[in-house]
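Heavy-atom basis, side chains included; hydrogens, waters and symmetry copies ignored. Worth saying up front: this structure is predicted, and the values here are computed from it rather than measured.
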Amino acid sequence: MPVSSDRLGGRARPRPPLLLALIVTALVAVTLIPLGYVVVTAIDVGWETASALIFRPRVGELLVNTVSLVVVTLPICVTLGVGAAWLVERTTVFGFRWWGPVLAAPLAVPAFVNSYAWVTVIPSLHGLWSGVLVATLSYFPLVALPVAATLRRLDPAVEESARALGSGPWAVFFRVVLPQLRLPVLGGALLIGLHLLAEYGAFAMLRFDTFTTAILEQFQSTFNGAAGSMLAGVLVVCCLVLLVSESAARGSARYARIGAGAPRSAPRSRLRFGAVPAALALVALTVSALGVPLWTIVRWLRIGGPAVWQEAPLWPALSQTLTFGVVGALVATALAFPVAWLAIRRPGVFSRIVEGTNYVTSSLPGIVTALALITVTIRYANPLYQTTILVIVAYVLMFLPRALVSLRAGLAQVPVGLEEASAALGRPPWRTFLRVTLRLTAPSAAVGAALVFMAIATELTATLLLAPNGTRTLSTRFWSLTSELDYAAAAPYALLMIVLSLPMTYLLFSQSRKAAGA
């Protein structure tokens with residue numbers, strides 16, 4: 001096997017097989033299309049036109065709206081997420097054994113369905129604070145889940161030592177526990193920030209203009225490529241600022257248990273007089289995030305009666321959603337395998353570049369990815385324009401890291417000695433992969449595929465732009481009906497999206513507990 005000149009631990013690091021290197025290189029080339037689209041468009045337009053399109057009052061208004069949304073929503077989500085996780089994992093709040101999956105369940109409700117529910121309850125909702133309300137209720141579990149998982153595996157001895165030195169409960173929390181939650185808090189906040197930049201349906205329904213809503217309106221009304229592309233460029237810069245900020249805030253600190261000893265759970269704090277307010281707070285949060293959408297959907301189903309289930313496009317939309325979800329999940333998981341294998345079995349500069357480009361591209365809003373694919377196919381691959389293949393490519397670019405993270409963790413647990421033993425017995429590489437690697441990583445692959453499926457089943461923006469004529473998914477049909485104010489007919493689509501997502505949400509919760517050793 002060819003080896004590189006780099007050495008690690010005194011041993012030459014083998015180069016990746018040629019076929020594998022070619023596959024991941026092609027994947028990187030496709031992955032860079034959205035970023036390349038923004039850069040090339042800016043160069044083609046020229047500085048004079050670009051500056052005229054960027055430095056204008058409308059862009060300033062959109063920037064203020066978008067930044068305000070992120071700046072206001074993130075602290076609220078972090079506070080709610082950390083507070084809810086602390087109550088569930090570290091206190092004797094009533095029903096603490098059952099609150100975990102309940103707090104994860106709002107992730108099954110798409111943000112635009114949440115918006116539909118709250119607009120139904122309060123028709124006058126619009127503007128920044130309405131956007132903050134819906135976004136907070138939709139995304140706070142992205143902080144609560146990783147924080148809860150981290151709290152489960154923290155060493156209680158550190159907190160006990162702080163209390164023995166005279167620190168009170170609040171001092172222990174802020175000086176000892178909270179610093180150890182920095183990584184999950186920052187990671188969750190980054191995910192929420194990226195969701196806020198990418199979300200279209202929720203804010204369009206609330207009549208709150210952000211870059212994403214403005215780009216889609218520009219594209220649908222005038223197909224003004226230059227203006228839309230410059231707005232997309234500003235949106236990409238906002239995403240990169242978020243990524244760099246999270247990386248700088250995270251730093252190089254790591255928290256791990258050092259020394260011998262068996263892991264144990266931290267004792268739960270008795271709330272006493274705070275027990276009732278704490279339980280009521282969790283109930284209020286659950287009712288707002290989960291109860292309102294479900295009640296609204298049931299109400300509209302009752303108003304619409306049996307006729308809403310007989311709408312002709314309903315079951316074809318479910319079928320097409322399942323098809324897109326299954327195919328997209330299988331393709332994304334299959335392509336994640338070589339990337340994960342490189343990252344674990346051949347770590348180095350090349351593998352880091354391959355892995356990094358996938359994460360950066362997936363962090364871009366779906367509308368940027370969709371516009372890039374539209375532009376490229378119209379100019380260079382017209383037969384692919386508005387085809388199912390292009391939709392699947394978009395899903396892979398947007399959601400491949402969801403499969404990659406799970407596969408990477410699963411592959412790291414496969415002993416490399418088993419693969420070497422198979423090769424020593426004369427098995428060809430493909431048979432070793434099927435008989436050893438694939439079998440042992442199958443559970444992780446299934447989890448990754450499930451997460452990709454859930455994302456595809458509720459994706460709206462890229463599907464609206466890329467889907468072939470006549471294609472209807474649950475999300476696009478729901479959006480079409482709510483745009484016509486036919487809320488009763490839209491209710492079955494909303495319910496089916498939640499039903500499809502709930503098992504995946506519970507799977508995500510179960511995996512977080514498993515990762516924490518609970």
Walk me through whether Thr150 and Val185 qualify under side-chain contact (heavy atoms from CB on, under 4.5 Å). CA-CA 10 Å; Thr150 302; Val185 165; over 6 Å; no
Apply side-chain contact (heavy atoms from CB on, under 4.5 Å) to the pair Tyr37 and Leu373, showing each step before the final yes or no. CA-CA 9 Å; Tyr37 154 77; Leu373 292 177; over 6 Å; no
Could you walk me through whether Tyr200 and Thr210 pass the side-chain contact (heavy atoms from CB on, under 4.5 Å) test, one step at a time? CA-CA 8 Å; Tyr200 165 73; Thr210 64; over 6 Å; no
Evaluate the criterion side-chain contact (heavy atoms from CB on, under 4.5 Å) for residue pair Ile392 and Tyr395; output intermediate values, then yes/no. CA-CA 5 Å; Ile392 298 299; Tyr395 290 153; 4.2 Å; yes
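Using a 4.5 Å heavy-atom cutoff, the side chains of Met230 and Thr41 are in contact. Contact of the Thr482 side chain with the Met205 side chain is registered, since non-hydrogen atoms from C-beta on lie closer than 4.5 Å. The side-chain heavy atoms of Ser501 and Thr458, taken from C-beta on, include a pair separated by under 4.5 Å. Between Leu69 and Phe208 the shortest side-chain heavy-atom distance falls below 4.5 Å. Contact of the Asp209 side chain with the Arg58 side chain is registered, since non-hydrogen atoms from C-beta on lie closer than 4.5 Å. Proximity of Glu61 to Val59: side-chain heavy atoms (C-beta onward) are nowhere separated by under 4.5 Å. Side-chain contact between Phe112 and Met497 is present, with heavy atoms from C-beta onward closer than 4.5 Å. Looking at heavy atoms from C-beta onward, Met454 lies out of side-chain contact with Leu500 at the 4.5 angstrom threshold.
Distance check: Leu364 CG to Leu243 CG gives 8.0 Å after rounding to the nearest 0.5 Å. Remark: Leu390 CG to Leu466 CG distance equals 5.0 Å, nearest 0.5 Å. Atoms CG and CG, from Leu397 and Leu335 in turn, are 9.5 Å apart once rounded to the nearest 0.5 Å. If you take OH on Tyr139 and CG on Leu74, they are separated by 12.0 Å, rounding to the nearest 0.5 Å. Cys238 SG to Phe211 CZ: the interatomic distance, rounded to the nearest 0.5 Å, is 5.5 Å. Separating the OG1 atom in Thr212 from the CD atom in Glu217 is a distance of 11.0 Å, to the nearest 0.5 Å.
Not a single donor-acceptor pair under 3.5 Å links the side chain of Arg477 to the backbone N or O of Tyr493. Panel note: side chain Thr357, backbone Val354; a donor-acceptor pair is recorded below 3.5 Å. Here the side chain of Glu199 pairs no donor or acceptor atom with the backbone of Phe203 at under 3.5 angstrom. Formation of a donor-acceptor pair under 3.5 Å by the Thr321 side chain with backbone atoms of Leu474 is found in this model. Under a 3.5 Å cut-off, the side chain of Tyr116 and the backbone N or O of Tyr487 do form a donor-acceptor pair. A donor-acceptor contact shorter than 3.5 Å is absent between the side chain of Thr476 and the backbone of Arg472. Of the possible polar contacts, one joining the Ser362 side chain to the Tyr359 backbone as a donor-acceptor pair under 3.5 Å is found. Looking only at distances, no side-chain donor or acceptor of Glu89 sits under 3.5 Å from a matching main-chain atom of Arg152.
Taking both residues in full, the closest heavy atoms of Ala189 and Val78 are given as CB-CG2, 4.3 Å, listed atom of the first, atom of the second, then distance. Taking every heavy atom of both residues into account, Gly366 and Ala462 meet most closely at O-CB, 4.1 Å. Annotation for Leu145 and Ala104: closest pair CD2-CB, 3.9 Å, computed over non-hydrogen atoms. Taking each heavy atom of Gly188 and Val143 in turn, the nearest pair found is C-CG2, 3.9 Å. Annotation for Ala329 and Ala449: closest pair CB-O, 3.4 Å, computed over non-hydrogen atoms. Here the closest non-hydrogen pair linking Leu235 and Leu197 is CD1-O, 3.8 Å.
No more than 12 heavy-atom neighbours from other residues, nucleotides or ligands sit within 6.0 angstrom of CD1 on Ile389.
Checked against the 6.0 Å centroid threshold, Trp99 and Phe94 do not count as a close aromatic pair.
Taking the side-chain hydrogen bond (donor to acceptor under 3.5 Å, both in side chains) definition, one finds that Ser475 meets it with Thr473, sequence neighbours left out. In this structure Trp86 satisfies the ring pair (Phe, Tyr, Trp, His ring centres under 6.0 Å) test together with Phe173, sequence neighbours excluded.
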Tabulate below the donor-acceptor pairs under 3.5 Å that side-chain atoms of residues 278-298 make, not counting sequence neighbours, or state none.
unit_1 : atom_1 : unit_2 : atom_2 : d
Thr286 : OG1    : Leu282 : O      : 2.8
Ser288 : OG     : Ala284 : O      : 2.9
Thr296 : OG1    : Val292 : O      : 2.7

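Defined by atom type and a distance below 3.5 Å, a donor-acceptor pair is missing between the side-chain atoms of Trp118 and Ser130.
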